[in-house]
Amino acid sequence: MSTIVHLSEELADRLAAEAARRGVSVDELTAELLAAGLPAGEEVDALEAFIGSGDSGDPSWAGRDTRELRAEAAARRTTA
């Protein structure tokens, strides 16, 4: 795959100097740096995947006061 990247002259010079120092081409170094900076394709944040997976069955839940919700939960525990 080919991609065109527009760099400032200073950044292009730094990239060329680092590639020369490592003994690799600018293309190889660019691909290496991009790969190191990107998340793995299959990496999944467990918390992100969990958010939204439950359903309280109460569409107004998010707008309710915490004290009210705790009182309802306590009432359910005493009757169960």
Side-chain angles (χ1 to χ4, degrees):
M1 176 181 159
S2 294
T3 301
I4 296 174
V5 178
H6 298 278
L7 305 173
S8 67
E9 189 172 329
E10 177 201 356
L11 186 54
D13 290 345
R14 288 174 49 204
L15 187 62
E18 182 61 17
R21 186 186 75 76
R22 294 186 187 192
V24 298
S25 72
V26 170
D27 288 346
E28 290 171 319
L29 179 59
T30 302
E32 177 187 326
L33 294 172
L34 281 172
L38 294 173
E42 298 194 22
E43 187 175 314
V44 175
D45 180 338
L47 179 60
E48 188 71 27
F50 177 75
I51 293 172
S53 64
D55 182 1
S56 70
D58 182 356
S60 65
W61 177 85
R64 295 175 63 195
D65 184 77
T66 303
R67 288 175 295 211
E68 181 185 347
L69 293 169
R70 285 185 179 154
E72 286 181 16
R76 282 194 302 271
R77 280 193 299 269
T78 60
T79 60

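Connection of V24 to V5 is established within a shared hydrophobic cluster, with ILVMFWY side chains joined at heavy-atom distances below 4.5 Å, either directly or through further cluster members.
From M1, atom CE reaches atom OG1 of T3 across 3.5 Å, with rounding to the nearest 0.5 Å.
Comment: E32 engages R22 in a salt bridge, judged by a side-chain N to carboxylate O separation of less than 4.0 angstrom.
With a 6.0 Å radius and a threshold of 12 heavy atoms from other residues, nucleotides or ligands, E10 has its CD atom at or below the threshold.
Smallest separation of non-hydrogen atoms from A16 and V26: CA-CG2, 3.9 Å.
When atom types are taken as modelled, the side chain of E28 and the backbone of S25 share a donor-acceptor pair closer than 3.5 angstrom.
Put simply, the residue from D13, L29, L33 that forms a side-chain contact (heavy atoms from CB on, under 4.5 Å) with E18 is L29.
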